[in-house]
Amino acid sequence: MSQQAPVWSVVGRGARGAVTVVDLDADGGELQTAHLTAEQWPEHARHHEGAHRPRWVFSDTASWYPQLLAAGVTVSRCHDLRLIHVILRHSQLVEDPGPVRAATAWDAPIDQGLEAAPDQGATLFDLDASASSGGVPHDLEESLAEFARHRAATDGSADPGRLRLLVAAESAGALVAAELHAAGVPWDVAEHDRILAEALGPRPGTGQAPARMVEAAAEVRSALGDPTLSIDSPPKLLRALHRAEIDVESTSQWELLEHDHPAIEPLLRYKKMSRLLTANGWTWLDEWVDDGRYRPVYVPGGVVTGRWAASGGGALQIPRQLRPALRADEGWRLVSADVSQLEPRVLAAMSGDSAMAAAGADRDLYAGIVDAGVVETRQEAKVGVLGALYGGTTGDSGRVVPRLRRNFPAAMRLVDEAAATGERGGTVSTWLGRSSPAPEAEWTRAQTTANLPDAASGEQERARRAARDRGRFTRNFVVQGTAAEWALSWLAALRLSLAGFDPVPEAEQATPSGPVFARRAHLVFFLHDEVIVHAPAAQADAAASAILTSAEAAGRLLFPGSVVDFPLDLTITERSPAK
DNA sequence: TGGACGGGCGCG
DNA sequence: AAAGCGCGCCCGTCCA
């Protein structure tokens with residue numbers, strides 16, 4: 001009897017760290033089962049991956065995959081039950097009611113337990129079988145049952161094709177997130193220290209402020225005539241500003257900039273330094289950079305729109321100022337790419353707005369809007385488009401949006417309708433079918449009571465404001481969420497492409513003791529619309545091509561037949577420019 | 001003492 | 001210059 005090749009391999013944990021792998025055929029029929037010890041499991045995975053390339057079904061990729069990576073095993077594809085559950089549970093494309101809608105252990109909070117155990121995934125086998133990390137079940141029976149619910153929900157959905165793309169992209173993202181953490185961003189500690197010293201003065205002793213901050217603080221106190229002022233306390237600072245007759249409502253930099261007073265310049269300088277020191281100073285360096293690698297913890301699906309979040313290390317907020325600290329290893333290159341104006345392009349594609357697509361035909365969509373005669377300046381175009389995406393109503397944005405509405409009717413109709421749906425308390429969905437969360441009970445209650453005949457006017461106003469707030473959220477949700485889907489599709493294609501690169505010889509490895517993919521071009525950073533690949537110099541051009549090809553593939557996959565393209569700004573450097 | 005919360009600011 | 005969306009992190013303040 002010939003052995004049928006598995007399409008899916010469902011992984012589950014048994015007693016005392018044992019692992020069971022059940023292979024399924026395309027219809028979910030069980031083919032064979034392997035019972036393994038914790039020690040046997042990575043080797044089994046390596047062999048199984050090499051022989052069959054199944055789609056691995058993990059209860060939670062963040063719990064399973066780091067161990068494989070630590071053992072030098074990578075996999076091509078997976079299905080992340082935890083992440084996909086969240087999507088299917090809320091998607092408007094999925095039949096309702098249905099088995100996947102029922103409350104189960106798979107509804108566990110998304111980040112529980114992850115923060116406690118971001119490294120190496122040792123937790124999964126340290127815990128006994130009844131416990132769970134990440135809040136979701138890891139045992140085989142639960143995983144098989146949940147996986148069957150996923151397939152039923154997807155197959156029976158209003159659009160199985162789109163949902164399958166979303167499921168694959170989200171799961172690929174989970175693999176990428178684990179691999180990014182394992183790889184780490186090559187980080188030049190000396191350069192980081194140099195930037196800090198240049199901005200703040202040399203590293204001070206424990207409990208001491210850097211010299212240049214001390215100077216700036218003294219200048220502020222002197223200019224405000226308050227020798228003991230604690231500048232870090234906004235209320236105290238505000239009172240001191242008022243005493244000096246600087247009439248501001250807050251201590252934020254943009255408001256301070258409007259005033260002319262000798263205290264303003266040193267104060268802004270102090271704030272800038274304080275921010276750098278507390279967010280990315282020497283303490284951050286000590287805590288987050290180890291052995292020349294910065295390893296933030298990524299949280300796929302951490303944002304309701306489908307964007308990733310980060311937990312610890314502030315991966316989403318590395319200041320441009322520190323970009324030069326990203327430096328390729330000797331003999332390696334950083335291949336960086338970001339998409340020009342991803343969100344408006346996504347809007348043009350999903351709405352089929354041919355005028356907006358035409359405006360984006362060249363690399364700069366904002367310049368295209370100016371060239372089309374819609375607005376006078378690039379700045380107006382940018383502010384207007386952001387206003388359209390975010391729901392801006394005031395200032396320049398409010399003035400320009402009506403012009404966009406006339407010139408890009410299809411695009412504007414899509415976001416305007418998303419906003420109207422949100423204001424009514426309705427649900428909107430991304431292009432591939434991720435749906436917005438239902439309004440909170442308190443929101444609904446406020447809308448209901450505000451509509452009663454005897455509602456107070458203040459109550460009505462509050463309810464209207466809450467409705468508009470929600471409208472801006474749903475307006476942006478469809479675009480931000482679809483952009484996230486494009487970016488995940490880009491990542492998914494790119495990581496598979498890079499996985500096909502040949503390993504470089506031992507002597508040229510970036511991190512000889514690092515994960516297996518560190519021997520060839522590999523992803524080291526991802527931020528919404530931007531990727532950085534760390535590549536041996538000889539593979540840099542090929543990596544750049546892979547990045548471009550993957551972006552084209554993502555566009556075709558999501559928007560087949562669309563004329564909208566997604567141009568990249570791409571650079572190959574040894575050291576990341578500050579931009 | 002310790003958690004919740006908001007101001008402020010970095011990123012897209 | 002921000003505005004209008006989405007985040008995370010640090011700080012000070014408030015309150016139990």
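Please read these numbers as outputs of a predicted model, since none were measured by experiment. Numbers restart at 1 for each chain; the letters A, B, ... are given by sequence-line order, proteins then strands.
Out of B:dC9, C:dA1, B:dC11, the shortest distance to the side chain of A:Glu258 is found at C:dA1. When the nucleotides C:dA2, B:dG12, B:dG10 are ranked by their closest atom to the side chain of A:Asp529, B:dG12 comes out on top. Comparing atom distances between the A:Lys271 side chain and each of C:dC5, B:dG8, B:dG10 picks out B:dG8 as nearest. For A:Thr278, the listed nucleotide lying nearest its side chain is C:dC10; candidates were B:dG8, C:dC10, B:dG10. Distances were taken from every side-chain heavy atom of A:Thr394 (C-beta onward) to each of B:dG10, C:dA3, B:dG12; the shortest belongs to C:dA3. When the nucleotides B:dC11, C:dA3, C:dT13 are ranked by their closest atom to the side chain of A:Asp396, C:dA3 comes out on top. You'll find that the side chain of A:Val303 is closest to C:dG6, out of C:dG6, C:dA3, C:dG12. The side chain of A:Lys272 approaches B:dG10 more closely than any other nucleotide in the set C:dC7, B:dG10, B:dG12.
OP1 or OP2 of B:dG8 sits under 4.0 Å from a side-chain N or O of A:Ser250. Residue A:Arg320 places none of its side-chain N or O atoms closer than 4.0 Å to OP1 or OP2 of B:dC9.
Residue contacts shown for A:Ala310 are limited to sugar-phosphate atoms, with no base heavy atom under 4.0 Å away. Residue-level contact check: A:Leu276 touches neither bases nor backbone, having no heavy atom under 4.0 Å from any strand. Residue A:Thr251 is classed as a sugar-phosphate contact, given heavy-atom separations below 4.0 Å to backbone atoms only. Residue-level contact check: A:Gly398 touches neither bases nor backbone, having no heavy atom under 4.0 Å from any strand. Backbone-only contact: A:Ser233 has heavy atoms under 4.0 Å from sugar-phosphate atoms and none from a base. Among the heavy atoms of the strands lying under 4.0 Å from A:Arg307 is at least one base atom, whether or not backbone atoms are also near. As judged by a 4.0 angstrom heavy-atom cut-off over every strand, A:Val479 is placed among residues making no nucleic acid contact. Note on A:Asn280: nothing from the nucleic acid sits closer than 4.0 angstrom, heavy atoms only. Nucleic acid contact class of A:Leu316 (heavy atoms, under 4.0 Å, all strands): base. Contacts of A:Gln253 with the nucleic acid, taken as non-hydrogen atoms under 4.0 Å apart, involve only primed sugar atoms and P, OP1 or OP2. Residue A:Ser230 is classed as having no contact, given no heavy-atom separation below 4.0 Å to the nucleic acid.
Counting only N and O atoms by type, the side chains of A:Tyr65 and A:Glu179 include a donor and acceptor under 3.5 Å apart. Remark: the A:Glu255 side chain and the A:Ser250 side chain contain an N/O donor-acceptor pair separated by less than 3.5 Å. A:Asp107 and A:His85 share a donor-acceptor pair across their side chains, judged by distance under 3.5 Å alone. Side-chain contact check for A:Asp80 and A:Thr61: at least one donor-acceptor pair (N or O, by modelled atom type) lies under 3.5 Å. Checked by atom type, the side-chain pair A:Tyr270/A:Asp232 shows a donor-acceptor distance below 3.5 Å. Side-chain contact annotation: A:Gln321 with A:Asn280, donor-acceptor N/O pair under 3.5 Å absent.
For A:Arg275 and A:Leu386, each mapped to the nucleotide of DNA chain C holding its nearest heavy atom, the one lying further toward the 5' end belongs to A:Leu386.
Note: OH (A:Tyr270) to P (B:dG8) measures 15 Å, nearest angstrom. Going from atom CG of A:Leu257 over to atom C1' of B:dC9 covers 13 Å, rounded to whole Å. Taking atom CZ of residue A:Phe473 and atom C1' of nucleotide C:dG6, one finds them 9 Å apart after rounding to whole Å. Between the CG atom of A:Leu238 and the C1' atom of B:dG8 there is a distance of 13 Å, given to the nearest Å. Atom CD in A:Glu343 sits roughly 17 Å away from atom P in B:dC11 (whole-Å rounding). Here the C1' atom of nucleotide B:dC9 and the CG atom of A:Leu256 are 13 Å apart, to the nearest Å. Summarising the geometry, the separation between CH2 on A:Trp254 and P on B:dG7 is reported as 13 Å, rounded to the nearest angstrom. Computed from coordinates, the A:Lys236 NZ to B:dG8 C1' distance equals 17 Å when rounded to whole Å.
Here C:dG4 is in the syn range [glycosidic angle within 90° of 0].
A donor and an acceptor atom never sit less than 3.5 Å apart when one is taken from the side chain of A:Gln480 and the other from the base of C:dG6.
Using bins of under 30°, 30° to 60° and over 60° for the plane-to-plane angle, the ring pair A:His522/A:His534 lands in the perpendicular bin.
Of the nucleotides present, B:dG10 is the one that pairs with C:dC7 by Watson-Crick or G-U wobble criteria, both distances under 3.5 Å.
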